[in-house]
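In the text below, chain A, chain B and the rest are named by the order of the sequence lines, each starting its count at 1.
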There are 2 protein chains.
Amino acid sequence: MRLSRMTDYGVVVLCQMALAPQGAVYTASQLARQTGLPLPSVSKLLKLLAARGILRAQRGAAGGYGLARPAESISARDIVFALEGPVELTDCVEGRGGACERERSCSLRGHWNPVNQAIEEALSRVTLLEMAVPRAPYDFIRGVDVGKFRSEGV
Amino acid sequence: MRLSRMTDYGVVVLCQMALAPQGAVYTASQLARQTGLPLPSVSKLLKLLAARGILRAQRGAAGGYGLARPAESISARDIVFALEGPVELTDCVEGRGGACERERSCSLRGHWNPVNQAIEEALSRVTLLEMAVPRAPYDFIRGVDVGKFRSEGV
DNA sequence: ATAAATAGGACCAATTTGGTACTAATTGAG
DNA sequence: CTCAATTAGTACCAAATTGGTCCTATTTAT
């Protein structure tokens, strides 16, 4: 049970952006360099995130990408949704017309829904800012004050 | 964000078995016929579930598969674990030696863990019995008494 | 004008996945 | 004891998905 590598990349890239002051823009190549990820994939990723409203894109020379909202109001759920679509653990999800021809008679219909919802909730509770705050190697630092950290611009 | 089709099949097959009295055995072909799923896949599935201890296998003539434990003590987490391995949303999960060469310096390390755990919890809360209880088409029946339903052997 | 950047496709190679096929081992029944 | 039914195990194949590449168009600051 895994997320695609693209989603993983997405979080890495977004974390990088989350640590800059609001309004800063990064180019695709900057982000690829800083994260060590392959440029073409990062580029594709950024286009997608911009199309889904997570990022704001500025075209043209001196353009780039920036967060469309503050990092604390972007959740893991937003990112997963943007890059993988809705959480539907199986083909059989209620409220999708015609996916399964047995829908009308199927007695299993909808049984995964509570699990889907619980997972969405879990993803919603984690914000990008929380994911972006660096942890010291091997957890030497504990109880970091997120707000303080952020204002220091580290 | 999805489970593999095999896991989906697994739940369908297990639900079928959950509705029989404890100790009943089904052959692979019976289950394939009853569920309408392809026999070879069902067969492979059952072997796996038996190897992982979810099912108990009886070899030889008049053999077959039965639940190793009552349906109410098998969780969705057990099934997902058996068929897909541990919930690790990304490559970067703490406590897996050597998966990522940047582990020592990585500041993102472990940030998915809370999400992984929340998902495991969500899966653990749903039992096979709950998934197996038939729902009337379009939710005409509500508030089924699971225990009562079960003892009637429907 | 030009250069730097995003937008949007088409395309390809590698991996994963679902499905198939075959042989071996086990066991109940006649 | 023999046979037929059944699971166990393995190797393999085809199709789908995925990550990655490449090229062309569009936008925009200088």
Side-chain angles (χ1 to χ4, degrees), chain A residues 1-13 17 24-68 80 82-85 88-92 99, chain B residues 1-13 17 24-68 80 82-85 88-92 99:
Chain A
M1 184 166 182
R2 317 197 35 148
L3 298 171
S4 77
R5 187 182 299 182
M6 276 298 174
T7 307
D8 201 355
Y9 286 0
V11 170
V12 173
V13 167
M17 302 178 76
V25 298
Y26 289 89
T27 68
S29 10
Q30 275 175 1
L31 289 168
R33 201 172 340 107
Q34 290 173 5
T35 58
L37 301 175
L39 170 58
S41 295
V42 169
S43 188
K44 180 182 287 189
L45 199 63
L46 293 167
K47 291 173 197 170
L48 241 179
L49 289 170
R52 300 299 159 80
I54 308 267
L55 296 178
R56 180 182 50 67
Q58 176 62 40
R59 298 174 69 158
Y65 295 93
L67 296 184
V80 171
L83 298 176
E84 314 211 345
E88 298 180 341
L89 294 185
T90 65
D91 281 327
C92 186
Chain B
M1 183 166 182
R2 317 199 34 148
L3 298 171
S4 78
R5 189 183 298 183
M6 276 299 173
T7 307
D8 201 355
Y9 286 0
V11 170
V12 172
V13 167
M17 302 178 76
V25 298
Y26 289 89
T27 69
S29 8
Q30 275 175 2
L31 289 167
R33 201 170 343 106
Q34 291 173 4
T35 58
L37 300 175
L39 170 59
S41 295
V42 169
S43 187
K44 181 183 288 190
L45 199 62
L46 293 168
K47 289 174 199 171
L48 241 179
L49 289 170
R52 302 298 160 82
I54 308 267
L55 296 179
R56 180 183 50 66
Q58 175 62 38
R59 296 174 70 156
Y65 296 94
L67 295 183
V80 171
L83 298 176
E84 315 211 345
E88 298 180 341
L89 294 184
T90 64
D91 281 326
C92 186

Note to self: Expressed as a whole number of angstroms, how long is the span from A:Tyr26:OH to C:dT6:C1'?
What the structure shows: 18 Å
Margin query: Is any side-chain heavy atom of B:Met17 closer than 4.5 Å to one of B:Val13?
Written below: yes
Notebook entry, point to check: Tell me, for nucleotides 25-30 of chain C in 5' to 3' order, what letter each nucleotide earns: B for a base near a protein heavy atom under 4.0 Å, S for only sugar-phosphate near one, - for neither?
Noted result: BBBB--
Next item on the list: Classify the nucleic acid contact of A:Ala28 as base, sugar-phosphate or nothing, counting any heavy atom under 4.0 Å across all strands shown.
Entry: sugar-phosphate
Next item on the list: Measure the CG-OG1 distance between A:Leu46 and A:Thr27 for me, rounded to the nearest 0.5 Å.
Entry: 9.0 Å
Margin query: Categorize B:Ser29 for me: base, sugar-phosphate, or nothing, with a 4.0 angstrom heavy-atom threshold over every strand shown.
Written below: nothing
Note to self: Taking any heavy-atom pair under 4.0 Å as a contact, classify A:Ser4: base, sugar-phosphate, or nothing.
What the structure shows: sugar-phosphate
Check: Can you find a side chain N or O atom of A:Ser41 that sits less than 4.0 Å from OP1 or OP2 on D:dG20?
Finding: yes
Next item on the list: Measure from NZ on B:Lys47 to C1' on C:dG18 and round the result to the nearest Å.
Entry: 14 Å
Check: So which heavy atom on B:Ala50 is nearest to which on B:Ala57, and how close?
Finding: CB-CB, 4.2 Å
Next item on the list: Nearest whole angstrom, please: distance from the P of C:dA7 to the CZ of A:Arg56.
Entry: 12 Å
Check: How large an angle, rounded to 10°, do the end axes of the helix from C:dA1-D:dT30 to C:dG30-D:dC1 enclose when each is built from five base pairs?
Finding: 10°
Next item on the list: To the nearest Å, give me how far apart CG (B:Leu3) and P (C:dT17) are.
Entry: 12 Å
Notebook entry, point to check: Is there side-chain contact between B:Arg33 and B:Tyr26, with at least one heavy-atom pair below 4.5 Å?
Noted result: no
Check: Do B:Tyr9 and B:Lys44 have side-chain heavy atoms sitting under 4.5 Å apart?
Finding: no
Margin query: Taking 4.0 Å as the cut-off, does a side-chain nitrogen or oxygen of A:Tyr65 come that near to OP1 or OP2 on C:dA7?
Written below: yes
Next item on the list: Could you tell me whether the side chain of B:Gln34 and the main chain of B:Leu31 form a donor-acceptor pair under 3.5 Å?
Entry: no
Next item on the list: Could you check how far NZ of B:Lys44 sits from P of C:dA21, rounded to whole Å?
Entry: 13 Å
Item checked: d(CD, A:Gln30; P, C:dA5) in whole Å -> 8 Å
Note to self: For the CZ atom of B:Arg5 and the CG atom of B:Leu45, what is their distance to the nearest 0.5 Å?
What the structure shows: 13.0 Å
Note to self: Mind checking if A:Ala51 touches a base, just sugar-phosphate, or nothing, with heavy atoms under 4.0 Å?
What the structure shows: nothing
Next item on the list: Find the distance B:Arg2:CZ to C:dG18:C1' and express it as a whole number of Å.
Entry: 14 Å
Note to self: If we ignore hydrogens and angles and just use 3.5 Å, is the side chain of B:Glu84 paired with the main-chain N or O of B:Thr7 as donor and acceptor?
What the structure shows: no
Notebook entry, point to check: Within this structure, what is the CG-to-C1' distance between B:Leu83 and C:dG19, rounded to whole angstrom?
Noted result: 16 Å
Margin query: Looking only at the side chain of B:Ala57 (C-beta and beyond, no hydrogens), which of the listed nucleotides D:dT7, D:dG19, C:dT20 gets closest?
Written below: D:dT7
Checklist line | Donor-acceptor pair, side chain of B:Arg52 and main chain of B:Ala82, under 3.5 angstrom | finding: yes
Item checked: Euclidean distance, A:Gln30 CD relative to A:Leu39 CG, rounded to 0.5 Å -> 11.5 Å
Note to self: So if I take every side-chain heavy atom of B:Met6 and compare against D:dT21, C:dA7, C:dG19, which nucleotide ends up nearest?
What the structure shows: C:dG19
